[in-house]
Number of protein chains: 2
Amino acid sequence: MEPLTIGKVARLAGVGVETIRFYERKGLLEEPPRRPSGYRQYPEETVSRIRFIKRAKELGFTLKEIEELLSLRVDSASACEDVRQRAEAKIVDIKRRIRTLNNMERALAKLVSACQNRSPMSKCPIIEALDQSEKP
Amino acid sequence: MEPLTIGKVARLAGVGVETIRFYERKGLLEEPPRRPSGYRQYPEETVSRIRFIKRAKELGFTLKEIEELLSLRVDSASACEDVRQRAEAKIVDIKRRIRTLNNMERALAKLVSACQNRSPMSKCPIIEALDQSEKP
DNA sequence: CTACATTCCGTACCATACTACGGAGTCAAG
DNA sequence: CTTGACTCCGTAGTATGGTACGGAATGTAG
């Protein structure tokens, strides 16, 4: 497993070279070792890490939140109880997101079936679905 | 049900007055009727609409995508088949998001239980979980 | 050994989604 | 009828998350 250049990592992860340098500046990627010339040398797992960042971003997490997610690990350097608490807070947040998405999905399904019945719906079902979901 | 001023809508929806005018400029909210003085008069449903925008934003939808979601309705002015297709595309997208969030949640749960067993995990489980989830 | 691609760095620019400002007009409680 | 809060509008500024540029050094295929 030879180390990867920044350009190869970028292609494999589906981002631009500049994005990788940007994430490094922001602390989402740690500074990789360098060749004598100064060229960065990445381990392959960096590709997974960047792909994770991409997906998490699509789900509405900010880079700051993503950094928090990435720092959640049980290792010698982090206090277990602290990690557990932070992970549980994230789980609560994620559960809430899933619930909202489920409501949206149901609303859209209702819309599709109303369509097939040629029954016009006066109001926007997706707003109504989420309106309800505030209350329970 | 008296019409609401922009300030009341803002308080009820939990956004700033400027945000509402911004959404109006962007086409996410239609221009409300005005008093002779020029003051905007909103129906109450505008509050739900803005709350929907807020939630959808938190889930990672852009304002452009949110506009698309909000325009999905079966009414006299829109072709049923077109609405159905666009709604189904959104459903696919939402299902994918839910799947990814479920994977993240499982990974975090694993992390929490590893914590309780005091078993250190060398790698970040959340990245691994999503790595897998690309393949099936 | 050439030629072309890639990398380096700093800085500047970009789009999105707000947020603030300022000066004038409006509303509503006392 | 005053006074203080609210609204109007246009324009400018902010934060986030990139994206582009440009000139020098490095890498690599033929």
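In the text below, chain A, chain B and the rest are named by the order of the sequence lines, each starting its count at 1. We use all heavy atoms of the structure for the numbers below, so side chains are in, but hydrogens, waters and symmetry mates are not.
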*asked:* When you measure from the centre of the six-membered ring of A/F61, is the NZ or CZ of A/R97 closer than 6.0 Å and no more than 45° off the axis?
replied: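 Yes - A/R97 lies over the ring of A/F61, closer than 6.0 Å to its centre and within 45° of its axis.
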Within the distance-only criterion (no hydrogens, no angle test), does the side chain of [X] pair as donor or acceptor with the backbone N or O of [Y] below 3.5 angstrom?
| X | Y | answer |
| --- | --- | --- |
| A/R73 | B/L111 | no |
| A/K110 | A/E105 | no |
| B/E88 | B/Q85 | no |

| request: Taking only the side-chain nitrogens and oxygens of B/K57, find out if one of them lies under 4.0 Å from OP1 or OP2 of C/dC18. | output: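 Checking B/K57 against C/dC18: at least one side-chain N or O falls below 4.0 Å of OP1 or OP2.
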*Pick out which of A/L69, A/V47, A/L28 makes a side chain to side chain contact (heavy atoms under 4.5 Å, CB included) with A/F52.*
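Exactly one option meets the side chain to side chain contact (heavy atoms under 4.5 Å, CB included) with A/F52, and it is A/L69.
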Going by number, which of residues 11-26 of chain A have a non-hydrogen atom under 4.0 Å from DNA chain D?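 Contacts with DNA chain D under 4.0 Å: A/E18, A/T19, A/F22, A/Y23.
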So which of residues 27-41 of chain B are in contact with DNA chain D, with a heavy-atom cut-off of under 4.0 Å?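 The stretch gives B/R34, B/G38, B/Y39, B/R40 as the residues lying under 4.0 Å from the strand, ordered by number.
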Nearest whole Å is fine: how far is [N] [atom2] from [X] [atom1]?
| X | N | atom1 | atom2 | answer |
| --- | --- | --- | --- | --- |
| B/K8 | D/dA5 | NZ | C1' | 12 Å |
| A/I6 | D/dT19 | CD1 | C1' | 14 Å |
| A/L4 | D/dG27 | CG | C1' | 16 Å |
| B/E65 | C/dA17 | CD | P | 9 Å |
| A/F61 | D/dG17 | CZ | P | 13 Å |

(message) I need the minimum non-hydrogen distance between B/S71 and B/R86, along with the two atoms involved.
(response)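 Taking every non-hydrogen atom into account, OG-NH1, 3.5 Å.
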| query | Measuring from A/I66:CD1 to A/K57:NZ, what's the distance to the nearest 0.5 Å? | reply |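 Atom-to-atom, A/I66:CD1 and A/K57:NZ are 7.0 Å apart.
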(message) For A/E31, is the CD atom crowded, meaning more than 12 foreign heavy atoms sit under 6.0 Å from it?
(response)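 Incorrect, the count does not exceed 12.
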